[in-house]
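Heads up: the structure comes next, in structure tokens.
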There are 2 protein chains.
Amino acid sequence: MGVIFQIMNDKPRITLSEVALAADVSPITVSRALRNPDKVSAEARARIDRAIRELGYVPNPAARALASGRTDVIGVVIPSVSNNVFADVMRGIYEGLEGSSLGVQLGTTRYSPMTEEQLIRVFLSQRPAGLIVAGHDQSPAARALLSAAACPVVQIMEVGPPPIDLAVGLSHYHGARAGVEHLLAQGYRAPAFLGAQMDPRSQRRLAGFRDGLAAAGQADDPVVTTPEPSSVSLGCRLFADLLARRPQTDAVLCNNDDLAIGVLFEAQRRNIRVGAELGICGFNDHEMMSAAEPALTSVATDRLSMGRQAVRMVRDRLTGGGAPRGHALDLGFRLMPRASTARGRV
Amino acid sequence: MGVIFQIMNDKPRITLSEVALAADVSPITVSRALRNPDKVSAEARARIDRAIRELGYVPNPAARALASGRTDVIGVVIPSVSNNVFADVMRGIYEGLEGSSLGVQLGTTRYSPMTEEQLIRVFLSQRPAGLIVAGHDQSPAARALLSAAACPVVQIMEVGPPPIDLAVGLSHYHGARAGVEHLLAQGYRAPAFLGAQMDPRSQRRLAGFRDGLAAAGQADDPVVTTPEPSSVSLGCRLFADLLARRPQTDAVLCNNDDLAIGVLFEAQRRNIRVGAELGICGFNDHEMMSAAEPALTSVATDRLSMGRQAVRMVRDRLTGGGAPRGHALDLGFRLMPRASTARGRV
DNA sequence: AGCATGAATGACAGCGCTGTCATGCGTCAA
DNA sequence: TTGACGCATGACAGCGCTGTCATTCATGCT
């Protein structure tokens, strides 16, 4: 087997010099034609392009990285790939990458600050074109590394704390606060909060919920959370717990849409009329929310755009311009009131 | 700004030789201690490990790749990151990578065979540790490239056609066929098929549906599909279309769970009793299916395991062993009958 | 005409690491 | 005791590309 592989390994590898030979220029000119085409005469470029096409030349990124000390890779550091929110963000990132020669290197911290720090250290040591990290809650050492980084650093997901370099996201605090204020404005008397996977963003949503409630003069603290990862069935269970503990609950602000859908199903099972008897508000506004029956209210966030903008910020910096250090782009949120919080005539 | 970056770039970069100096061995010994620790004496290894830790040395993968002609990267070629199914698979892949020094390079074909071919060409030119590609429908040129590849190649998602090298997946044909047979066995008379984003896997599910129906003596071909990407709201719309066109429909086999959830919501809107009046069967068995009210029948597939196994196959090959060329791992599927296909006493 | 200027191109060296072969040394069987 | 062998280590060269400076040549100006 080893032998077979060896043989197959020996398929012709076209190098830049061979292209140069075929195009009758020096290797360095080919290199330039690839990186700064405008620094090479049109004729030379044409010959080089032809040679590249005919020989099927593909550049060797390792050699480029070694020689230039930079890579065309954006490091992305997120807690987990399972989380739906990050899946959307990743999609935005890949969309933002299109048309560039940039690649992505993804690392997951599994919500461990130490893993995150280590990951950042390794990524930075490879001199990436940029770094995209989730959140603002890095360890002090990780923050120090990021501050000293030689590449643009974009913190995604939230805005609020001053960014290390750049940031794009939204205020989860205010999003959740808008949600609970909507519930109260609709006339619900005893809203509760349901949360899973209580990462820093979730904590800030919870804070927004609490402050919104306190501002309305509510005294108790109707909150059910769990560190478990979020899911629809978890929404069912948490809602059941909530009702057992606090039967007077007449509305729930869910930390995300999964949970909200779970609450909807559980309410249906118990013949609770959603909207009239029970207000449900989700977070993120997954496409499914408007399709549900009844349609579910949610705080819409633009995860796709978050990823895209983060990449754009890096790309703008690479092309010389870009936002100055300290710039934070607030993507905002939009409350989408739907039938699930239409209390109607009671 | 350029100047600032320049300055920051000059942070100390520890090289292997510096570690060697500190550990009082030659660079090559450090290299060996990193790659084949058992080829270095315990004392030398201890000194080297200490030096690495004290200096904070991080290997330069570009230099390694250039010198050795291999990379520690598995290329992954999938149609799209948006598709939920691939998100699950990616999660499995990342899980499978844990504990190895392997990385992932992800490329998306956006369902274009030409893009796929180009992507495969570029990935292969970087001599990856392995390649994971979705499906069996590559262009002839792409197949030729993959056949000649010097690294393990795993085709994921489906089994059936003989693999180029290795494969892991399931038979979408038989999964869908099991679904429609279940519907018929439950006593539904006029099942229909709803499909979105009709990729090759979806086509095979459709074929399974059709054959299952024909075997039961059904004459018409009740199929509603669209090339649009799948979503819950699309499920609502397709189901509405279906009812308009073929009112006698009493069951739907959905190409995936999103659509099935959409059908559920639309049925609720129309006061159609799901289960008794309308059978619904999804595909993949997303966690949400069992939590829904009523719980939705689905054909369970293990996307997570698919990703994990694909990586395992590559890793096994790298460590010398592994399955022989031509091996296909059938992960199978499991029909999960639930309330949504309990026709009960009509 | 003579010179400065800038565009196009090239020579050279080296990025950090590893494959290949060679070396030194201790151990074992004959 | 001697040669053969295996183990731990090292020397050397080079992977494919680009940064830096140097060179050439045509252009526009005084």
Side-chain angles (χ1 to χ4, degrees), chain A residues 2 5-6 9-48 51-52 55-72 101 122 125-127 129 150, chain B residues 2 5-6 9-48 51-52 55-72 101 122 125-127 129 150:
Chain A
F5 284 173
Q6 213 51 49
N9 259 325
D10 288 339
K11 80 168 162 290
R13 253 200 149 274
I14 308 297
T15 68
L16 191 145
S17 319
E18 300 177 80
V19 173
L21 222 58
D24 196 34
V25 291
S26 75
I28 195 70
T29 304
V30 177
S31 172
R32 264 193 288 258
L34 256 31
R35 295 247 130 252
N36 311 74
D38 49 323
K39 301 231 172 217
V40 173
S41 67
E43 309 90 76
R45 228 181 316 150
R47 267 178 297 145
I48 291 168
I52 287 177
L55 297 173
Y57 169 71
V58 180
N60 180 335
R64 198 214 298 290
L66 184 57
S68 69
R70 315 171 281 103
T71 54
D72 285 346
S101 60
V122 170
S125 79
Q126 295 167 221
R127 301 186 177 259
Chain B
F5 284 172
Q6 214 49 52
N9 258 323
D10 287 340
K11 79 168 162 288
R13 248 201 153 273
I14 307 298
T15 68
L16 192 146
S17 319
E18 299 177 81
V19 173
L21 222 59
D24 196 34
V25 292
S26 75
I28 195 69
T29 303
V30 178
S31 173
R32 266 194 287 260
L34 255 31
R35 296 245 131 252
N36 309 74
D38 49 322
K39 300 229 171 220
V40 173
S41 67
E43 309 90 75
R45 228 180 320 148
R47 268 177 298 144
I48 290 168
I52 287 177
L55 296 174
Y57 168 71
V58 180
N60 180 336
R64 199 214 299 289
L66 184 57
S68 69
R70 315 171 281 104
T71 54
D72 285 346
S101 60
V122 171
S125 79
Q126 294 167 222
R127 301 186 178 258

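Reminder, nothing fancy here: chain letters follow the sequence lines and each chain counts from 1.
In this structure, the CZ atom of B:Arg127 is 13 Å from the P atom of D:dC15, given to the nearest Å. Nucleotide D:dT9 holds its C1' atom 10 Å from the CD1 atom of B:Ile48, rounded to whole Å. Rounded to whole angstrom, the span from the CG atom of A:Asn36 across to the C1' atom of C:dA8 amounts to 13 Å. Nucleotide D:dG14 holds its P atom 18 Å from the CZ atom of A:Arg13, rounded to whole Å. Between B:Asn60 atom CG and D:dC15 atom P there is a gap of 18 Å when expressed in whole angstrom units. With rounding to whole Å, A:Tyr57 atom OH is found 7 Å from D:dC17 atom C1'. Following rounding to the nearest Å, A:Asp72 (CG) and D:dC17 (P) show an atom-to-atom distance of 14 Å.
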Give each protein N/O atom lying under 3.5 Å from an N/O atom of nucleotides 18-24 of chain D, with the pair distance.
unit_1 : atom_1 : unit_2  : atom_2 : d
D:dT18 : OP1    : A:Arg64 : NH1    : 2.6
D:dT18 : OP2    : A:Ser31 : OG     : 2.3
D:dT18 : O5'    : A:Ser31 : OG     : 3.4

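In this structure, A:Leu16 CG and A:Leu55 CG are separated by 11.0 Å, a value rounded to the nearest 0.5 Å. Between atom CZ of residue B:Arg45 and atom CD of residue B:Glu43 there is a gap of 9.0 Å, rounded to the nearest 0.5 Å.
When all heavy atoms of A:Arg47 and A:Ala23 are compared, the pair lying nearest together is NH1-O, 2.9 Å. In plain terms, the two heavy atoms of A:Ala65 and B:Ala62 that are nearest each other are CB-CB, 3.6 Å. Minimum heavy-atom separation, A:Pro61 to B:Gln126: CG-CD, 3.6 Å. Taking all atoms of both residues into account, the shortest heavy-atom contact from A:Gly69 to A:Arg127 is O-CD, 2.7 Å. Here the closest heavy-atom approach between residue B:Ala22 and residue B:Ala51 is recorded as CB-CB, 3.9 Å. Looking at every heavy atom in both residues, B:Tyr57 comes nearest to B:Thr15 through CE1-C, 3.6 Å.
Within the structure, a side-chain polar atom (N or O) of B:Thr29 is placed less than 4.0 Å from OP1 or OP2 of D:dG10.
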Less than 3.5 Å apart, which donor and acceptor atoms pair up between the side chains of residues 28-42 of chain B and the rest of the protein, not counting sequence neighbours?
unit_1  : atom_1 : unit_2  : atom_2 : d
B:Thr29 : OG1    : B:Ser26 : OG     : 3.2
B:Arg35 : NH2    : B:Asp72 : OD2    : 3.3
B:Ser41 : OG     : B:Ala44 : N      : 3.4

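Looking at residues 40-47 of chain B, you'll see B:Val40, B:Ser41, B:Ala44 sit with a heavy atom under 4.0 Å from some atom of DNA chain D.
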